[in-house]
Amino acid sequence: MSSDDGDLEASRSDRVEIEPPEGFVSQANVSDEGIYDEFEENWPECWEAAADLLDWEEDYDQVLDDSNEPFYEWFTGGTLNASYNCLDRHVENGRGEEVAIQWVGEPTDEGNRGITYEELLAEVEAFAATLRDLGVEKGDVVTMHMPMIPELPVAMLACARIGAPHSVVFAGFSAEALATRMNSADSEYLVTCDGYYRRGDPLDHLEKANSGLASVEHEVSDVVVVDRLGEDGFGHDLADDQHDYASLVADHEGEAVDPASQDAEDMLFLMYTSGTTGEPKGIKHTTGGYLSWASWTSRAVLDIKPEDTYFCTADIGWITGHSYIVYGPLALGSTTVMYEGTPDFPERDRLWEIVAEYECNQFYTAPTAIRSFMKWGSKYPASHDLSSLRLLGTVGEPINPRPWKWYHEHIGGEECPIVDTWWQTETGGIMVTTLPGVKKTKPGSAGPGLPGVDVRVVDADGEEVEADEAGYLTVHNPWPGMLRTVYKNDERYIEEFWAEYSDPDADEWVYFPEDGAGIDAEGYLTVLGRVDDTMNVSGHRIGTAEVENAIVEVEGVAEAAVVGAEHETKGEAVHAYVTTEEGQEGTDDLRDAIVESVENGIGAFARPGGIVFTPDLPKTRSGKIMRRLLEDVANGDELGDTSTLRNPEIVEEIQSKASAG
Ligand code: WT7
């Protein structure tokens with residue numbers, strides 16, 4: 001991990017420490033340092049504190065059932081309903097007229113909507129009744145392929161209400177990616193929409209969804225289509241099994257649907273993510289553990305209070321949006337802002353305009369966005385009143401000290417603590433960060449594990465490394481928000497997450513998130529990035545194997561190797577090294593075909609930023625592609641060790657082609 005050690009070095013040499021601002025501490029949800037010892041001494045019972053944030057129908061018998069490790073179960077025997085916890089209980093508490101979702105559409109001339117808890121509950125019930133009417137039963141997976149429109153959280157909560165797990169597929173995913181996920185989940189229902197707005201133009205979404213449906217291997221019983229674009233739509237006719245969302249909801253208006261009594265361990269949703277193989281894995285999250293985790297971390301880390309207006313810029317199609325736009329903030333009864341568009345439309349101050357207009361108290365975004373804000377310049381935030389902000393957060397990739405400080409100064413006015421939150425789709429919610437009312441922050445370092453979360457940095461043998469040495473991040477006890485398995489693939493669950501560092505004979509189970517990290521003498525972690533074959537492009541996890549599969553689909557391509565290369569704003573960019581079949585030249589047409597195939601196989605967000613044609617790929621004697629060397633080439637770094645290669649000469653050739661092209 002040579003280049004990674006460099007990152008550790010950078011964070012050390014620039015070690016500023018910032019104490020939590022007093023004004024923040026005095027009002028923080030958590031401000032007692034004692035919570036760390038308390039949780040350690042009282043583990044796992046400490047997690048009753050998370051469960052206590054929810055209303056349970058039937059109380060649980062046991063906090064943690066670890067009788068079948070690593071298939072942990074949390075809050076067993078308890079029953080509850082996620083939609084009840086996010087909606088009904090707030091209405092019952094007299095807060096029905098508070099805004100639950102403040103929706104902001106991309107077009108600026110359109111009426112934005114503040115949807116109250118009462119209104120949201122009514123629409124969720126109407127759509128839950130609709131789903132039941134269509135035949136959706138408890139346990140049926142309902143897929144959503146939808147952008148940032150209010151009907152997405154409505155559909156998620158309607159599923160939760162009737163005990164049907166949802167599987168949300170990010171709208172930017174291609175038709176093929178949608179089909180793969182529906183096939184994997186045996187999902188017979190799809191909720192989608194006609195289109196949405198991107199940078200001022202309507203974008204056809206239904207065409208893509210339809211083409212995905214054509215590749216689903218089983219029978220799809222029903223498709224519900226939201227009419228987002230109205231007059232700007234593309235004039236699609238709905239097929240026989242396709243229904244207009246608004247008419248269905250109108251038919252069921254006013255119908256009461258009692259929240260289904262769900263077991264704590266019942267699946268709340270599936271979320272597909274990339275791993276080492278080309279096959280995306282369905283991460284299974286449960287009702288009791290996940291919702292407790294999303295709620296507890298929203299409260300303790302993001303400091304959300306019921307009266308807050310909170311703005312997270314993620315897309316609900318990824319886990320950040322699930323946990324920290326929908327479930328966490330709504331379970332706590334706050335107002336969650338949901339923005340349809342991009343940060344630079346119509347101008348580069350759009351997000352700051354939203355913060356000022358709705359007087360947002362928290363702002364949670366990704367380092368890739370912060371790097372763009374920094375590049376655009378401080379005049380954009382400076383032209384708006386951001387004084388309502390109390391806390392800033394970042395998630396998705398490592399943040400360097402420079403953008404951290406820019407964020408602190410220009411967005412937070414040096415008055416807001418920043419939480420750099422490390423977590424993953426698999427962890428369900430935040431795992432590593434500074435509790436903002438307790439811990440000082442160190443730009444470039446995420447912080448210690450949360451109370452009750454035992455994170456360490458180990459070497460390849462599982463021994464803890466010395467302070468400030470690079471190693472592998474590991475988690476040494478389970479937590480309520482953890483994934484329960486890879487859907488329909490318990491073996492892969494063990495193989496991917498537990499096999500590396502656990503010692504089943506000694507009954508020692510260690511979770512391996514597949515990230516590299518360093519840890520300082522105070523237990524603060526600096527996360528270095530993925531150590532499996534996945535890339536982190538603008539905070540999106542993309543498997544190299546998935547991109548390679550899409551590239552070798554192209555006629556004339558023989559072999560492909562894909563790596564993530566450092567990129568100024570995206571964090572990483574996709575670089576592809578491609579060999580062609582005999583008689584096929586590396587032409588521009590072939591290049592276009594490769595890009596198109598990646599867009600069709602995964603989505604435009606995975607599009608290669610660089611394609612290099614080469615006569616051969618660097619391979620070990622056993623024929624394994626040495627991606628590490630290609631990474632060096634892509635980053636313009638000095639080459640690592642080539643002595644184990646069967647064809648060492650090829651690396652320099654690729655290097656010269658890469659610099660020429
Ligand atoms: C991977 C998880 C967590 C929601 C968004 C991404 C990287 C995440 C940080 C951070 C450094 C981070 C890790 C992790 N990552 N947060 N604060 N500092 N790296 O979810 O797609 O499941 O990706 O994102 O590499 O493993 P995801």
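Just follow the structure's listing: the first ligand is 1, and inside any ligand the first atom is 1.
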Quick one: which ligand 1 atoms are inside 4.0 Å of a heavy atom on [X]?
X	result
Asn536	7 (C), 24 (O)
Thr421	9 (C), 10 (C), 16 (N), 17 (N)
Ile319	4 (C)
Val527	11 (C), 19 (N)
Val395	3 (C), 4 (C)

Starting from [atom], find the nearest protein heavy-atom neighbour and note its residue, name and distance.
atom	value
atom 5 (C) of ligand 1	Thr320 OG1, 3.4 Å
atom 13 (C) of ligand 1	Asp515 OD2, 3.1 Å
atom 21 (O) of ligand 1	Arg541 CB, 3.5 Å
atom 22 (O) of ligand 1	Thr425 OG1, 2.6 Å
atom 3 (C) of ligand 1	Trp423 O, 3.1 Å

For this session: Check whether the side chains of Tyr364 and Thr421 place a donor and an acceptor atom closer than 3.5 Å, and report yes or no.
Result: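 Present: a donor and an acceptor within the cut-off.
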Exercise. Any side-chain donor paired with an acceptor under 3.5 Å for Asn600 and Ser174?
Worked result: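 No, no side-chain donor-acceptor contact under 3.5 Å.
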Charged N-O contact under 4.0 Å between [X] and [Y]:
X	Y	answer
Glu522	Lys439	no
Glu514	Arg541	no
Arg492	Glu495	no
Arg350	Glu106	no

Problem set entry | Part of Thr433 with heavy atoms under 4.0 Å of ligand 1, whether side chain, backbone, both or neither |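 The answer is neither; Thr433 stays 4.0 Å or more away.
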Exercise. Where's the contact between Glu397 and ligand 1, heavy-atom distance under 4.0 Å: side chain, backbone, both or neither?
Worked result: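 The answer is the backbone.
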Exercise. Got more than 12 heavy atoms from elsewhere within 6.0 Å of CD, Glu568?
Worked result: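 Open: at most 12 neighbouring heavy atoms sit under 6.0 Å from CD of Glu568.
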Problem set entry | Whether over 12 other heavy atoms sit under 6.0 Å from Glu466 CD |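 No, not enclosed.
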[X], any N or O under 3.5 Å of ligand 1 N or O:
X	answer
Gly396	yes
Thr394	no
Thr273	no

For this session: Step by step, work out the side chain to side chain contact (heavy atoms under 4.5 Å, CB included) result for Gln424 and Arg530.
Result: CA-CA 11 Å; Gln424 315 177 289; Arg530 308 276 317 172; 3.1 Å; yes
For this session: Please determine which of Glu17, Glu33, Glu19 meets the salt bridge (Lys or Arg N to Asp or Glu O under 4.0 Å) test together with Lys440.
Result: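 That would be Glu17.
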Problem set entry | Sub-4.0 Å heavy-atom contact, Ala446 with ligand 1 |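 No, Ala446 has no heavy atom closer than 4.0 Å to ligand 1.
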